[in-house]
There are 2 protein chains.
Amino acid sequence: MGGQRPGPETLLFLTDEQLRRGIEAMYFAYRGFTADPDRILAEHGYGRAHHRALHFINRFPGTTVNNLLGILGVTKQSLNRVLRSLIDDGLVDSRVGTRDKRERHLHLTERGQDLEQTLSEVQARRVRAAYRAAGPEAVLGFRRVLEAMMDADQRRQFLPPAEEKTP
Amino acid sequence: MGGQRPGPETLLFLTDEQLRRGIEAMYFAYRGFTADPDRILAEHGYGRAHHRALHFINRFPGTTVNNLLGILGVTKQSLNRVLRSLIDDGLVDSRVGTRDKRERHLHLTERGQDLEQTLSEVQARRVRAAYRAAGPEAVLGFRRVLEAMMDADQRRQFLPPAEEKTP
DNA sequence: CACTTTATGTCAGTGTTGTTGACATTCCAA
DNA sequence: TTGGAATGTCAACAACACTGACATAAAGTG
């Protein structure tokens, strides 16, 4: 399977071969990306869904269930199963809203923060290692491609609409 | 990998914020990455595991079950369930090995190739769009970071070992 | 106030994909 | 001939997603 005819860059980097490599790299990298937290989660009887909940509750303390549903893109039944166990195990605190008493505001307990920290740590370690191996310019490109690959809604939600200089 | 000189920006860009953004981008991008094939697979009553099997059988025609197990990193029971349905549905052909009759060599049938092509197409379309939006240099960085994030075994399996960059 | 909508929780069922464990068959190799 | 490797199959189980239906409480609206 050749075709490595050196042409203009703009044509060269969009070959099927380049795309295939990108696709496979994405698959294998995501496996590596989740492997370390998965091991720790398994020790606690949890799965990836618990990690995601812990991550975003830590990121947005006091977020509501509905907020979380929007971020995670799952059904409330699916999220509720996860939240239920985290609350029962004392990792997440669910407080009735003061302004709107229908809402539940979610916070990590001290133990929840501990586990989230542990999970973040091992995951960040691998990402950090990959960043170091690839170099600063590569990291910028990495993020740029990933952000272009996201669905538009998520991109809007997690990237400041004013790209560069945010106040 | 080699020749990493510690400059001032090496410390600067590895902030927790940068890591967190990378982690979230990875999560959301992977969701986007799988979203389009998932829709098509659902129409056929298949899931991601079927896509992965089709992809790697297409990539390595005649591969054995054991080979595939090594690539996919799942149990033979899990893979067998998927292969079973693909074979029964006439998308994959399983041929007893000539040299070693215990082995089964896997090939895509014409219909299997068709579906694989359809799935690849929509996935590649998104990747291509992301590549275009991010630019050629970003793509190189993207791949470099992803490859550094993979487990070492997969990297060895899917990257030409002679791909060391000159320091 | 009556009515509707929203936010949340829960029950029941289903499907995909992963796991372990056990067992059978085939066949290469020492 | 015996051991082990490659494969297939059966059963059970768990995580995590889905749909659909129903309940409750509170907020918003007429």
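Predicted model only: the values in this text are computed from it and were never measured. A, B, ... follow the sequence lines: proteins, then strands. Residue 1 opens every chain.
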Whole angstrom value for the distance that separates C1' of C:dG9 from CD1 of A:Ile87:
10 Å

Polar pairs (N or O, both sides) under 3.5 Å between protein and nucleotides 10-12 of chain C?
| residue | atom | partner | partner atom | Å |
| --- | --- | --- | --- | --- |
| C:dT10 | OP2 | A:Asn80 | OD1 | 3.3 |
| C:dT10 | OP2 | A:Arg84 | NH1 | 3.4 |

Roughly, in whole Å, what's the span from CG in B:Leu86 to P in D:dG8?
13 Å

Side-chain contact, heavy-atom cut-off 4.5 Å: B:Phe28 with A:Leu146?
no

Contact residues, residues 46-74 of chain B to DNA chain D [heavy atom, < 4.0 Å]
B:Thr64, B:Val65, B:Asn66

Check each of B:Gln123, B:Arg48, B:His51 against B:Asp38 using the side-chain hydrogen bond (donor to acceptor under 3.5 Å, both in side chains) test, and report the only one that passes.
B:Arg48

Can a side-chain donor-acceptor contact be found between B:Thr109 and B:Gln113 if the only test is distance below 3.5 angstrom?
no

Can you tell me if A:Thr64 and A:Arg104 form a side-chain donor-acceptor pair at under 3.5 Å?
no

What I want to find out is whether A:Asp16 reaches A:Arg20 closely enough, with some N-O distance under 4.0 Å, to be called a salt bridge.
no

For DNA chain C, what residues of residues 95-105 of chain A have any heavy atom nearer than 4.0 Å?
A:Arg102, A:Glu103, A:Arg104

Write down the distance between CG (A:Leu41) and P (D:dA15), rounded to a whole number of angstrom.
12 Å

Over how many whole Å does the gap from A:Leu106 atom CG to C:dG9 atom C1' extend?
13 Å

Between B:Arg21 and B:Glu24, is there a salt bridge with N-O shorter than 4.0 Å?
no

Is there a donor-acceptor contact under 3.5 Å linking the side chains of A:Ser94 and A:His105?
no

